[in-house]
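Residue numbers run from 1 in the order of the sequence given. Remember, predicted model here, so these are calculated numbers, not experimental data.
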Amino acid sequence: MNMNSKVIGIVLVVAGVALTLWGYNIYDSASAQIGRALNGDTPIEAWAGMVGGAISVLLGIARLK
C-alpha cells in the first residue's frame, strides 16, 4: 500500500466525521425539532450528512487497512 492511499484514507475519515457532525447538528437544531414534532419530517440534509459521513468514514478506514 502506498502513501497516497493512506493520505486519502485519513482525509476520508476526517471529512466523514465532520460531515456526520454537521448532519447531526442539523438534525438536532430547533427548527428540525419543531418540524419533527409537528409532522414527523426530518430534514434531508440531516440524513444526507449523517449517512454520507458514515460511509466516508467506513471507506477511509478501509483505505487505511
Side-chain angles (χ1 to χ4, degrees):
M1 183 172 300
N2 62 16
M3 189 64 164
N4 285 340
S5 183
K6 288 190 183 238
V7 170
I8 292 171
I10 291 169
V11 169
L12 282 171
V13 169
V14 171
V17 168
L19 194 58
T20 303
L21 290 173
W22 175 75
Y24 182 75
N25 282 338
I26 291 174
Y27 178 80
D28 199 36
S29 70
S31 62
Q33 288 179 5
I34 292 169
R36 282 195 307 276
L38 295 177
N39 57 15
D41 288 341
T42 301
I44 191 70
E45 294 90 358
W47 286 114
M50 289 188 287
V51 172
I55 291 171
S56 179
V57 168
L58 292 175
L59 289 174
I61 290 171
R63 285 259 190 192
L64 291 174
K65 288 187 176 184

State which residues pass side chain to side chain donor-acceptor pair (under 3.5 Å) with Asp28; sequence neighbours excluded, sorted by chain then number.
Gln33
For Ile44, the hydrophobic cluster (side chain heavy atoms closer than 4.5 Å, chained through members) also holds none
From Leu58 atom CG to Arg63 atom CZ, the distance as rounded to the nearest 0.5 Å
14.0 Å
Are Trp47 and Trp22 connected in a single hydrophobic cluster, I mean Ile/Leu/Val/Met/Phe/Trp/Tyr linked by side-chain heavy atoms less than 4.5 Å apart?
no
All N/O donor-acceptor pairs, side-chain side in residues 8-20, below 3.5 Å, sequence neighbours left out:
| from | atom 1 | to | atom 2 | distance (Å) |
| --- | --- | --- | --- | --- |
| Thr20 | OG1 | Gly16 | O | 2.8 |
| Thr20 | OG1 | Ala54 | N | 3.4 |

Within this structure, what is the CG-CZ distance for the pair Asp41 and Arg36, rounded to the nearest 0.5 Å?
10.5 Å
Do any N or O atoms from the side chain of Ser29 and from the backbone of Ile26 form a donor-acceptor pair under 3.5 angstrom?
yes
